[in-house]
> 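Pasting in a structure now, in structure tokens, and then I'll have a few things to ask.
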Number of protein chains: 2
Amino acid sequence: MDDTILDPALGLRIRRTESLTSLIRRELERMIEVGELKAGDRLNENALAAKLGVSRGPIREACRGLEQSGLVHVIVNRGVFVREISNHEAAELYDIRAALYALAGRLLAPKITKKQVAELRRMVSQMEDAADKGELNVFYPLNVRFHEAIVQFSGNGRLLSISTSVHREMHLFRRRTLDMPGRMKISNSEHRAIVDALAAKDGNATAQLMEDHVLKSRELLFGPMGTPVD
Amino acid sequence: MDDTILDPALGLRIRRTESLTSLIRRELERMIEVGELKAGDRLNENALAAKLGVSRGPIREACRGLEQSGLVHVIVNRGVFVREISNHEAAELYDIRAALYALAGRLLAPKITKKQVAELRRMVSQMEDAADKGELNVFYPLNVRFHEAIVQFSGNGRLLSISTSVHREMHLFRRRTLDMPGRMKISNSEHRAIVDALAAKDGNATAQLMEDHVLKSRELLFGPMGTPVD
DNA sequence: CTGCAAAAGATTGTTGACAATAAACAGTAA
DNA sequence: TTACTGTTTATTGTCAACAATCTTTTGCAG
């Protein structure tokens, strides 16, 4: 199989509108997301360059972007490593996420459209199906999309990019709460309450529910917000 | 004057513990902070490389980091430009900052030390002096340090890095609220209330005060939170 | 066998050169 | 003049080679 990003046959026809660097960054993000690159792994520049069919320059540039977004960390003269998230850091990220999601809810509530409410409700009912059947691998991506949608609908562009970044970072932390018994159902009932509050255009209520929703996950793993961990 | 980062005379003696890339990124951040590079300016790689006495590689890597943190944006084949922040985006950043500072206050309140309270009070009283004398150029950096200190004392590392990033980004937006008549005094009275709430270890009150403090600036420029701008 | 030191190898840091693209300019036709 | 087109120039995108640094292996003394 050919792993190179650029198909040479197509190279002639495509007018490239994107730099290799950004293509590579997305590819690396994907590899980390999917688990092809695991926390703690070192990214060998030569190997990656060969695998993706480019030189080391773009690889290095992509890594600097990933560093800033917290997905990797760089040690001088040693290389770049997929970050490992300690319990302590994961707990911190939960706290941040709670605040960001609360803000998203507060911003969205007063201006949400009927169409958006309908879309969120659709997701909730799909998640209900998945929860009934105990299909975590169906529930999980829906859950992600649900939260993403609320942030996106909030209309605050930077909030979306920061949230995405924090979410990716949290993904490096493997322990999940959703696979605890009955957790999907409880989580989804919270989703329903959130959508109800949004539909009622109640910003304060939505914000509170979003915050609680995130912090509940935190509590299951680490105890209440602000608790020192590890 | 010599603008190069690396003094060749020192180069031999220092065992470099940091890559050029990170030095350059800090230098560029400084140049943007100080206004040597203004919003909308293009960063000419050759010129920067010559000025800093390095090659283009590290420059490009540094720029990718800055891109991710929102200080510059890159257009393929055209270059990297210091970002210009629209009113709309500035308003969005205020909303985010309010949420982040509220979180910082909430986290810090229950665990603040006497020493930290004293340090914050010292800053407040220094700001009071500056406000009395109408010295904005003294007040402003103290104001920055005050807010930074609270986030730092909160102990959430990622919160600090995100806050710093958001703060730098906001700095690209030139209009300030503090130079409005009487604004320094009002602002500082809010600072005092925040420190009092912190000293009382009242997380909710602190969070609310921090949020209001930031949103008041937003309102002066753009109207209340969530208001569409531009 | 263990511990240390030096050499060999692998990997990152940095550079200068070349290719691809966009901007600036000049010349021509309407 | 203005619009268009081809040419020149400036700048970015990419690459491959070299230098600096770290890691591993090898060899030797105890």
Side-chain angles (χ1 to χ4, degrees), chain A residues 3-28 31 37 40-68 71-83, chain B residues 3-28 31 37 40-68 71-83:
Chain A
D3 265 332
T4 60
I5 287 183
L6 296 177
D7 184 336
L10 287 141
L12 295 171
R13 312 197 57 194
I14 295 176
R15 186 203 309 257
R16 270 231 317 292
T17 177
E18 203 172 7
S19 70
L20 284 186
T21 300
S22 56
L23 286 172
I24 290 166
R25 201 179 62 206
R26 273 213 302 282
E27 173 65 7
L28 291 176
M31 289 168 87
L37 291 169
D41 284 358
R42 188 169 66 83
L43 277 63
N44 184 314
E45 294 178 3
N46 282 316
L48 277 172
K51 180 176 155 82
L52 300 178
V54 298
S55 77
R56 282 173 52 217
I59 302 273
R60 286 178 62 86
E61 288 180 28
C63 286
R64 295 303 174 163
L66 294 180
E67 179 186 21
Q68 192 62 26
L71 245 55
V72 305
H73 70 127
V74 177
I75 306 179
V76 191
N77 285 321
R78 299 265 321 267
V80 346
F81 299 81
V82 179
R83 261 193 64 201
Chain B
D3 264 332
T4 61
I5 286 182
L6 296 177
D7 185 336
L10 287 137
L12 295 171
R13 312 196 56 195
I14 294 176
R15 186 203 307 256
R16 270 229 316 294
T17 176
E18 202 172 9
S19 70
L20 284 185
T21 299
S22 57
L23 287 172
I24 290 165
R25 199 177 64 204
R26 272 211 303 280
E27 173 64 8
L28 290 176
M31 289 169 86
L37 291 169
D41 284 359
R42 189 168 66 82
L43 278 63
N44 184 314
E45 294 177 3
N46 281 316
L48 276 172
K51 181 176 153 80
L52 301 178
V54 298
S55 75
R56 282 172 53 218
I59 302 272
R60 287 178 61 86
E61 288 178 27
C63 286
R64 297 302 174 164
L66 294 180
E67 180 186 21
Q68 191 64 26
L71 246 56
V72 305
H73 69 127
V74 177
I75 305 179
V76 191
N77 285 321
R78 299 261 323 264
V80 345
F81 300 81
V82 179
R83 261 192 66 200

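What you see is a predicted model, and the numbers here were worked out from it, not measured in a lab. Below, read A as the first sequence line, B as the second, and so on, with proteins coming before strands; counting in each chain starts at 1.
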> For a 4.5 angstrom cut-off between non-hydrogen side-chain atoms, does B/Gln68 reach A/Leu66?
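Of all side-chain heavy-atom pairs linking A/Leu66 with B/Gln68, none is under 4.5 Å.
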> Enumerate all atom pairs, one protein N or O and one N or O from nucleotides 8-12 of chain D, separated by less than 3.5 Å.
unit_1, atom_1, unit_2, atom_2, d
D/dT11, OP1, B/Asn44, ND2, 3.4
D/dT11, O3', B/Arg42, NH1, 2.8
D/dT12, OP1, B/Arg42, NH1, 2.4
D/dT12, OP1, B/Leu43, O, 3.4
D/dT12, OP2, B/Glu45, N, 3.3

> Rounded to the nearest Å, what distance is computed from the CD1 atom of residue A/Ile59 to the C1' atom of nucleotide C/dT11?
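Distance check: A/Ile59 CD1 to C/dT11 C1' gives 14 Å.
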> List in chain and number order the residues that pass salt bridge (Lys or Arg N to Asp or Glu O under 4.0 Å) with A/Glu45, two or more places apart in sequence or in another chain; answer none if no residue qualifies.
A/Arg56, A/Arg60
> Side-chain contact test, heavy atoms from C-beta onward, threshold under 4.5 Å: evaluate it for A/Asn44 versus A/Leu48 and give yes or no.
no
> What's the CD-C1' distance between B/Glu61 and C/dT15, to the nearest Å?
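Between C1' of C/dT15 and CD of B/Glu61: 12 Å.
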> Among residues at least two apart in sequence or on other chains, which ones pass salt bridge (Lys or Arg N to Asp or Glu O under 4.0 Å) with B/Arg83?
B/Glu89, B/Glu169
> Report yes if some heavy atom in the side chain of B/Leu71 is under 4.5 Å from a heavy atom in the side chain of B/Val82; otherwise report no.
no
> To the nearest angstrom, how far is B/Leu48 atom CG from C/dT14 atom P?
16 Å
